[in-house]
Amino acid sequence: MTTITRKSNVLPGFGLTLGFTLFYLSVIVLIPLSATFLRSASLTWPEFWDTVTNARVVASYKLSFGASTLAALINGVFGFIVAWVLVRYSFPGKKLVDALVDLPFALPTAVAGIALTAVYAKNGWIGSLLEPHGIKVAFTPLGVLLALIFIGLPFVVRTIQPVLEDLEAEIEEAAASLGANRLQTFFRVILPTVFPALLTGVAMAFARALGEYGSVVFISGNMPMKTEITPLMIITKLEQYDYAGATAIAVVMLVISFALLLGINLLQAWSARR
Amino acid sequence: MAGTISRLQHAGGHRRLTVTEPLPVRLLLIAVALLFLGLVLVVPLAAVFSEALRKGAAAYGAALVDPDAIAAIKLTLLTAVIAVPLNLVFGVAASWAIAKFHFRGKNLLITLIDLPFAVSPVISGLIYVLLFGAHGWIGPWLQERDIQIIFAVPGIVLATIFVTFPFVARELIPLMESQGTDEEESAMVLGANGWQTFFRVTLPNIKWGLLYGVILCNARAMGEFGAVSVVSGHIRGLTNTMPLHVEILYNEYNFVAAFAVASLLAALALLTLVIKNIIEWKAHRDAAPQPEHGENPA
Amino acid sequence: MSIQAKNITKTFGSFVALNNVSIDFPSGQLVALLGPSGSGKTTLLRIISGLEAADGGSIYFDGEDATNRNAKDRRVGFVFQHYALFRHMSVFDNIAFGLTVKPRRDRPSKADIRDRVFSLLKLVQLDWLAHRYPSQLSGGQRQRVALARALAVEPKVLLLDEPFGALDAKVRKELRRWLRRLHDEIHVTSVFVTHDVEEALEVADVIVVMNNGGIEQIGTPEEVCSRPATPFVRDFLSDVDLPAVQDRRQRELAAPIQLASPV
């Protein structure tokens with residue numbers, strides 16, 4: 001990676017800045033991460049397999065994957081509507097609403113976790129309204145879903161928004177002058193153009209949701225086999241000083257995360273080409 | 001999220017939409033969006049402050065001046081004061097190398113810089129435990145020399161640096177790439193040295209992007225929970241950051257105190273959003289082309 | 001189809017784009033709306049198409065009030081300056097779009113759509129590009145695809161907004177000659193917007209000179225040149241050598257049309 005063909009011969013500092021970048025990246029990120037993979041090599045294959053396919057761990061995969069998928073899809077729909085409304089329509093307080101979309105980026109996850117729990121617990125503002133209808137949110141998988149919707153929302157909105165802003169008005173006018181109604185224009189002209197960005201946003205929300213910990217642990221109740229997410233399994237193993245077990249699960253998650261990162265990069269390259 | 005400032009400075013002009021949905025459809029969509037945001041974002045945010053003040057201002061104040069709370073606030077500030085400048089320097093260096101020069105493997109390097117965002121916060125903490133913990137690779141060697149990293153402040157700082165690693169870099173790289181090297185080259189030709197060029201030409205051009213990255217980096221540094229939770233050991237008054245202190249109080253059913261500390265973090269988040277919007281506004285204003293005299297309005 | 005605009009007024013904020021404009025476009029003619037930028041010509045075109053709503057006044061198609069008709073129901077073909085092709089669709093799908101969005105009972109069969117698209121592609125001399133995407137075409141080719149797309153729905157009126165504005169000088173000249181001949185073939189009432197005097201004189205049957213949101217003069221190229229109605233028209237047309245333009249028009253329209261293929 002250090003083959004040097006300079007863009008500019010005049011500007012100084014290439015060696016210094018690239019050297020520092022590589023050093024810092026290695027010390028903070030690359031060495032610790034690869035140490036984790038090496039560490040998992042100290043496990044025998046059956047040990048590794050038993051750990052990552054243990055019934056309780058498998059139940060956590062199901063919850064993590066299921067809730068993350070569902071949360072990402074729900075964000076795909078509502079995030080699209082939010083982005084659409086913010087780009088296309090004007091209404092009082094729009095600037096404030098736009099700014100608020102970033103709240104999940106800025107609010108510490110632990111705060112989000114206890115706040116969502118307080119609101120959606122059975123004595124909370126909204127939980128008490130749902131309780132009579134038999135809907136329990138806090139301490140159920142529904143609560144996990146809610147927390148994951150919260151943290152994933154801005155990814156979808158902020159990925160779609162610039163693409164919607166860049167849509168040329170003429171494209172829609174052309175569709176209208178050719179006789180298309182609004183629904184036809186939306187599904188045949190607008191959606192295909194925005195789709196790569198929508199998919200990217202949903203994939204980012206999904207990736208973030210898979211690894212999320214802080215906002216979920218408070219609202220999930222952490223009941224074995226029922227509401228434990230995979231990152232919590234790592235913590236549980238660590239608290240039992242089962243470093244090997246924690247490492248094994250971490251490796252599974254890292255592999256999935258890296259695959260997702262690769263997929264998202266390919267998606268972004270695809271949408272940039274469009 | 002990447003390159004917000006870069007995007008703002010290249011956003012197209014005002015578009016007027018003449019073909020749109022019927023009014024009832026527009027109103028319905030606005031209502032759906034607002035209801036969704038209300039249920040997911042606004043109500044929980046309001047709940048933080050409401051719960052914190054449930055037993056009155058006195059209880060609220062008492063929770064904040066509790067020595068453990070103050071220790072947590074101090075540790076959080078200390079962590080941010082170390083992590084943010086380090087990642088700032090890294091972000092500037094990385095984007096200078098990446099944006100101003102050509103070299104093979106550049107895209108791989110950008111992906112690697114983004115890596116910490118793809119890793120679960122819990123794993124971000126775990127990797128340092130595996131490296132520096134009592135059972136870790138360097139743990140025994142450190143123990144002999146009485147150096148404590150895990151369950152101590154250095155571990156907390158390291159984990160925080162890891163999770164906030166890409167913030168400044170990924171904001172600056174697209175911004176600096178879009179600005180090219182023309183201005184720096186002119187400065188060099190006019191006789192400026194490297195540092196003069198950077199401080200007098202490059203830095204003014206990237207200041208909003210830089211600030212933007214720093215603000216977001218800081219918010220995450222002060223609010224990180226998962227990674228810090230793994231490496232902290234949760235020792236009251238010593239290795240508890242504010243988010244961890246919130247957790248401890250919450251698990252002790254001391255809800256008013258938990259929400260009081262949480263309200264400080266929520267206020268910080270709101271402040272972050274305000275500053276972020278001011279930066280976006282200023283960056284947009286700086287980039288807007290000045291209208292020429294006598295230009296026709298149509 | 002004839003078009004009538006009556007007392008059209010349109011303002012954007014404090015800027016008056018059209019001030020009480022009335023005009024008749026007789027059926028079957030090729031009309032140029034000529035004027036400097038800001039004169040209101042594009043706004044008038046967009047109001048006729050239904051893409052913009054007038055603040056006051058009415059639009060009649062063949063004497064029928066169309067003021068409150070949607071753009072999609074006006075059966076107007078509109079060609080945009082920057083083409084506005086659908087990027088994610090092939091040339092074929094772009095041209096077929098207007099036919100495929102028709103309600104099921106009016107929609108032609110797949111085979112009919114195919115035939116229609118290919119006959120239009122032949123008309124614009126691009127049948128060999130049917131499966132390319134807009135990004136793979138040159139500017140001139142894109143504009144011809146845009147024209148074919150507009151014609152596919154058999155519009156009663158063809159409106160063109162600075163149709164050659166984004167093209168370079170050579171392609172521009174070729175395409176405007178070609179548009180003139182196309183019009184002679186299909187005879188659909190056509191209105192195009194331009195700020196280029198020569199272009200208007202060379203191509204149009206009738207020229208409408210606009211300025212400051214109003215109409216200065218309506219007439220044939222000869223009329224506006226030899227008898228300018230206002231000082232503005234005289235100034236605006238002052239550089240034109242009419243006999244030379246007329247001569248060129250005669251010569252070029254008589255010559256067989258040849259579009260260099262990568263136009």
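Letters go in sequence order (proteins before strands), and every chain restarts at 1. The figures that follow rest on heavy atoms only: side chains count, while hydrogens, waters and symmetry mates do not. Here the structure is a predicted model, which means the values were calculated and not measured.
The residue among B:F90, B:F255, B:W195 with the most heavy atom pairs within less than 4.5 Å of chain A is B:F90. Of the listed residues (B:N277, B:I215, B:L115), the one with the most heavy-atom contacts under 4.5 Å to chain A is B:L115. Counting heavy-atom pairs under 4.5 Å between each of A:L116, A:I235, A:T109, A:V29 and chain B puts A:V29 at the top. By number of non-hydrogen pairs under 4.5 angstrom with chain B, the leading residue of A:A115, A:A112, A:A83 is A:A115. Between chain A and the options B:P243, B:A169, B:G223, the largest number of non-hydrogen pairs under 4.5 Å is found for B:G223. Contacts with chain A were tallied for B:M222, B:K276, B:R220; B:K276 has the most, counting heavy-atom pairs under 4.5 Å. With chain A as the partner, the residue from B:V129, B:L244, B:V122 showing the most heavy-atom pairs under 4.5 Å is B:V122. Highest contact tally toward chain A, considering only B:E224, B:H135, B:E21, is held by B:E21 [criterion: heavy-atom pairs under 4.5 Å].
Atom CD1 of residue A:I81 and atom CG of residue B:L34 lie 11.5 Å apart, to the nearest 0.5 angstrom. Interatomic distance, CZ of A:F78 versus CG of B:L39, reported as 9.5 Å (0.5 Å rounding). To the nearest 0.5 angstrom, A:T36 atom OG1 is 6.0 Å from B:L126 atom CG. A:D102 CG to B:L273 CG: the interatomic distance, rounded to the nearest 0.5 Å, is 6.0 Å. Distance check: B:L37 CG to A:L86 CG gives 7.5 Å after rounding to the nearest 0.5 Å. Between the CZ atom of B:F165 and the CG atom of A:L25 there is a distance of 4.5 Å, given to the nearest 0.5 Å.
With a 6.0 Å radius and a threshold of 12 heavy atoms from other residues, nucleotides or ligands, A:F23 has its CZ atom at or below the threshold. Heavy-atom contacts from other residues, nucleotides or ligands closer than 6.0 Å to NZ of A:K94 number more than 12.
Taking all atoms of both residues into account, the shortest heavy-atom contact from B:L131 to A:A35 is CD1-CB, 3.6 Å. A:G214 approaches B:F225 most closely through the heavy-atom pair CA-CD2, 3.4 Å. Counting all heavy atoms, side chain and backbone alike, A:G211 lies closest to B:P121 at O-CD, 3.3 Å.
If you measure heavy-atom distances from A:L238 to chain B, the contacts under 4.5 Å come from the side chain alone. Using a 4.5 Å cut-off between heavy atoms, A:L107 touches chain B through backbone and side chain atoms alike. In this structure, chain B has no heavy atom under 4.5 Å from any part of A:L232. Only the side chain of A:F91 has a heavy atom closer than 4.5 Å to any heavy atom of chain B. Only the side chain of A:L153 comes within less than 4.5 Å of a heavy atom in chain B; its backbone stays farther off. Contact of B:L41 with chain A is made through backbone and side chain together, with heavy-atom distances under 4.5 Å. For B:V92, no part lies near chain A; criterion is any non-hydrogen pair under 4.5 Å.
Each of A:E212, A:R208, A:M253 was compared with B:S120 under the side-chain contact (heavy atoms from CB on, under 4.5 Å) criterion, and only A:M253 meets it.
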- Task: Using the side chain to side chain contact (heavy atoms under 4.5 Å, CB included) rule, take A:V77 and B:F36 through it: C-alpha gap first, then chi angles, then the decisive distance, then the call.
- Result: CA-CA 11 Å; A:V77 174; B:F36 177 73; over 6 Å; no
- Evaluation steps, ring-ring contact (aromatic ring centres under 6.0 Å, His included), between A:F105 and B:F167: CA-CA 12 Å; A:F105 282 155; B:F167 275 104; 8.5 Å; no
- Verdict with reasoning, A:L11 to B:T181, per side chain to side chain contact (heavy atoms under 4.5 Å, CB included): CA-CA 8 Å; A:L11 299 184; B:T181 55; 3.8 Å; yes
- Task: Check the pair A:R88, B:T20 against side chain to side chain contact (heavy atoms under 4.5 Å, CB included), reporting the backbone distance first and the verdict last.
- Result: CA-CA 9 Å; A:R88 302 257 167 162; B:T20 185; 6.0 Å; no
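Contact of the A:V111 side chain with the B:F259 side chain is not registered, since no non-hydrogen atoms from C-beta on lie closer than 4.5 Å. Residues B:L158 and A:I28 are in side-chain contact: their nearest non-hydrogen atoms beyond the backbone lie under 4.5 Å apart. Side chains of A:L22 and B:L109 form a contact here, defined as non-hydrogen atoms less than 4.5 Å apart. Contact annotation: the side chain of A:F218 never approaches that of B:V246 to less than 4.5 Å [non-hydrogen atoms, C-beta and beyond].
Remark: B:S124 engages no residue in a side chain to side chain donor-acceptor pair (under 3.5 Å) (not counting sequence neighbours).
Counting only distance, with no hydrogens or angles, the side chain of A:T17 and the backbone of B:W96 share no donor-acceptor pair below 3.5 Å.
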